[in-house]
Amino acid sequence: MTTEPAARVAAADWAAVADELDAHGCALTPRLLSPAECRELAARYDRAELFRTTVDMARHRFGSGQYRYFTHDGLPGPVRDLRAALYPHLLAIARTWAGRLGRPAPWPDTLDEWLELCHRAGQSKSAQILLRYGQGDWNALHRDVFGEMIFPLQVVIGLDEPGRDYTGGEFLLVEQRPRAQSRGTSTVLAQGHGLVFTTRERPVKSARGWSAGPVRHGVSTVRSGHRHALGLVFHEA
């Protein structure tokens with residue numbers, strides 16, 4: 001039987017998502033979580049037993065704000081289902097990108113198989129993130145790379161309503177272009193909608209063929225309110 005998360009994922013126009021990723025390194029999806037599910041997820045932030053660690057961004061000079069990594073058991077079932085449903089669609093794009101860059105595509109057909117390979121390589125910690133920003137908080141440009149086993153795409157889902165629950169806090173993507181100045185993209189995350197984006201780099205077409213364009217992501221300063229987000233990473237830490 002098709003689960004509700006899987007049905008929502010299937011409703012996305014994945015050809016259009018792939019085109020947007022090729023053009024900009026990120027692409028919005030339709031609503032993946034309902035408002036009620038978003039509120040319930042954001043409320044879980046205060047349940048410390050669900051998380052393996054908490055990171056204070058200012059302490060580590062990552063920006064300002066806080067995020068927590070779920071334990072494997074603490075990740076809610078619907079979110080686990082959502083991640084598994086997203087993987088096959090993202091896998092097709094990942095394999096296309098690897099082919100363009102002339103690189104191996106080590107990712108198997110299912111998420112469980114890929115995570116098992118991560119565990120065998122010593123990357124066994126959950127990398128699923130719940131983030132909380134308050135007024136004045138921000139996230140420095142970075143990449144979510146935890147070892148040699150890397151999946152080239154990830155998804156962030158907004159859990160609050162921009163303009164009502166918070167202002168500012170746009171998702172930022174900065175691409176280093178070959179022999180040119182960097183290009184930035186700013187995206188407002190509607191509640192429950194996802195943004196697919198590249199983990200580390202994306203293929204960039206040039207007169208000489210394909211090359212890898214390095215990409216980093218972050219969050220602009222939250223001007224007011226509180227902003228929560230769910231980060232789905234498809235490799236382990």
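The residues of the chain are indexed from 1 along the displayed sequence.
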Task: Rounded distance (nearest 0.5 Å) linking atom CG of Leu50 with atom CG of Asp73 - done: 10.0 Å

Open item on the list: Is there a path of hydrophobic side-chain contacts, each under 4.5 Å between heavy atoms, that joins Val222 and Leu173?
Closed with: no

Open item on the list: So Trp210 and Lys205, do their side chains get closer than 4.5 Å, heavy atoms only?
Closed with: yes

Task: From CG (Leu90) to CZ (Arg83), nearest 0.5 Å - done: 11.0 Å

Open item on the list: Can a side-chain donor-acceptor contact be found between His142 and Arg216 if the only test is distance below 3.5 angstrom?
Closed with: no

Task: Donor-acceptor under 3.5 Å (Arg223 side chain, Gly169 main chain) - done: no

TODO: Mark yes or no for whether His89, through its side chain, and Ala12, through its backbone, hold a donor-acceptor pair below 3.5 Å.
DONE: no

- [ ] Please indicate whether Arg183 has more than 12 foreign heavy atoms, meaning atoms of other residues, nucleotides or ligands, lying under 6.0 Å from its CZ.
- [x] yes

Task: Atom pair CZ/CZ of Arg227 and Phe171 - distance to nearest 0.5 Å - done: 8.5 Å

- [ ] Give, for atom CG of Leu101 and atom OG1 of Thr96, the distance between the pair rounded to the nearest 0.5 Å.
- [x] 11.0 Å

Open item on the list: Show, in sequence, the C-alpha distance, side-chain angles and deciding distance for Leu33 and Leu41, and conclude whether the side chain to side chain contact (heavy atoms under 4.5 Å, CB included) test is met.
Closed with: CA-CA 10 Å; Leu33 295 172; Leu41 259 177; 3.6 Å; yes

Open item on the list: With a 4.0 Å cut-off on N to O distance, would you call Lys125 and Glu236 a salt bridge?
Closed with: no

- [ ] Apply side chain to side chain contact (heavy atoms under 4.5 Å, CB included) to the pair Val219 and Leu172, showing each step before the final yes or no.
- [x] CA-CA 5 Å; Val219 174; Leu172 304 175; 5.9 Å; no

Task: Donor on one side chain, acceptor on other, Ser220 and Glu170, under 3.5 Å - done: yes

Task: Shortest non-hydrogen contact from Ala237 toward Arg52 - done: CB-NH2, 3.8 Å

TODO: Could you tell me whether the side chains of Asn139 and Tyr133 share a donor-acceptor contact shorter than 3.5 Å?
DONE: yes

- [ ] Mind listing the closest non-hydrogen atom pair of Pro78 and Pro5 along with its distance?
- [x] O-CG, 3.7 Å

- [ ] State whether the side chain of Glu20 and the backbone N or O of Val17 hold a donor-acceptor pair below 3.5 Å, judged by distance alone.
- [x] no

Task: Residues Ser182, Gln176; criterion side-chain hydrogen bond (donor to acceptor under 3.5 Å, both in side chains); working and verdict - done: CA-CA 4 Å; Ser182 298; Gln176 181 180 329; 5.6 Å; no

Open item on the list: I'd like to know if Glu201 pairs up with Arg103 as an ion pair, taking the criterion as any Lys NZ or Arg NE/NH1/NH2 lying under 4.0 Å from an Asp or Glu carboxylate oxygen.
Closed with: yes

- [ ] Flag the pair Tyr69 / Phe51 as yes when their ring centroid distance falls below 6.0 Å, and as no otherwise.
- [x] no

Open item on the list: Is the shortest side-chain heavy-atom distance between Leu189 and Ile157 below 4.5 Å?
Closed with: no

Task: Backbone N/O of Asp160 and side chain of Asp165: donor-acceptor pair under 3.5 Å - done: no

- [ ] List the atom of Ala212, the atom of Pro214, and the distance in Å for their closest heavy-atom pair.
- [x] O-CD, 3.3 Å

Task: Asp137 (side chain) donor-acceptor with Gly134 (main chain) under 3.5 angstrom - done: yes

Task: Closest contact, heavy atoms only, Leu131 versus Gly231 - done: CD1-N, 4.2 Å

Open item on the list: Could you walk me through whether Asp81 and Arg8 satisfy the salt bridge (charged side-chain N to carboxylate O under 4.0 Å, His left out) test, starting with their C-alpha distance in whole Å, then the side-chain angles of each, then the deciding distance to 0.1 Å, before giving a yes or no?
Closed with: CA-CA 11 Å; Asp81 292 344; Arg8 293 170 182 164; over 6 Å; no

TODO: Could you go through the side chain to side chain contact (heavy atoms under 4.5 Å, CB included) check for Thr185 and Cys26 one step at a time?
DONE: CA-CA 9 Å; Thr185 301; Cys26 61; 4.0 Å; yes

Task: Under 3.5 Å donor-acceptor, Gln191 side chain and Pro162 backbone - done: no

Task: Arg61/Asp56 ion pair, N-O < 4.0 Å - done: no

Open item on the list: Grouping I, L, V, M, F, W and Y whenever their side-chain heavy atoms are under 4.5 Å apart, do Phe146 and Val55 come out in a common cluster?
Closed with: yes

Open item on the list: Can you tell me how far apart CE (Met149) and CG (Leu117) are? Round to the nearest 0.5 Å.
Closed with: 5.0 Å

Open item on the list: Under a plain distance cut-off of 3.5 Å, with no hydrogens placed, do Asp144 and His217 share a side-chain donor-acceptor pair?
Closed with: yes

- [ ] Using only heavy-atom distances, determine whether the side chains of Thr71 and Ser126 contain a donor-acceptor pair under 3.5 Å.
- [x] no

- [ ] Indicate yes or no: does Arg95 engage Asp109 in a salt bridge with an N to O separation below 4.0 Å.
- [x] yes

Open item on the list: Whether the side chain of Trp107 engages the backbone of Ala92 through a donor-acceptor N/O pair (distance < 3.5 Å, no angle test) should be reported.
Closed with: no

Task: Shortest non-hydrogen separation from Pro104 to Ala98 and the atoms involved - done: O-CB, 3.8 Å

Task: Cation-pi geometry met for Arg68 and Tyr45 (6.0 Å, 45°) - done: yes

Open item on the list: With a 4.5 Å cut-off on side-chain heavy-atom distances among I, L, V, M, F, W and Y, is there a chain of contacts connecting Val215 to Val204?
Closed with: no

Open item on the list: Does Arg202 form a side chain to side chain contact (heavy atoms under 4.5 Å, CB included) with Glu175? I'd like the steps, not just the answer.
Closed with: CA-CA 9 Å; Arg202 72 176 184 90; Glu175 178 182 46; 2.6 Å; yes

- [ ] Would you check if Thr198 and Arg143 make a side-chain contact, meaning some heavy-atom pair closer than 4.5 Å?
- [x] no

Task: Atom CD of Glu49 with >12 non-hydrogen neighbours under 6.0 angstrom - done: yes

Open item on the list: Is it the case that the side chain of Glu37 and the backbone of Ser34 share a donor-acceptor pair, with hydrogens and angles ignored and the cut-off at 3.5 Å?
Closed with: yes

Task: Single-linkage hydrophobic cluster, 4.5 Å side-chain cutoff, Ile93 and Phe234 together - done: yes

- [ ] Provide the closest heavy-atom pair for Val9 versus Trp14 in the form atom of the first, atom of the second, distance.
- [x] O-NE1, 2.8 Å

Task: Validation row: Leu195, Val155 side chains within 4.5 angstrom (heavy atoms) - done: no

TODO: Check whether the side chains of Gln123 and His235 place a donor and an acceptor atom closer than 3.5 Å, and report yes or no.
DONE: no

- [ ] Starting at OG1 of Thr54, measure out to CZ of Arg59 and round the result to the nearest 0.5 Å.
- [x] 11.0 Å

Open item on the list: Contact between Leu153 and Trp97 at the side-chain level, heavy atoms closer than 4.5 Å - yes or no?
Closed with: yes

TODO: Establish whether Val156 and Val196 are linked, either directly or via other cluster members, by ILVMFWY side-chain heavy-atom contacts under 4.5 Å.
DONE: no

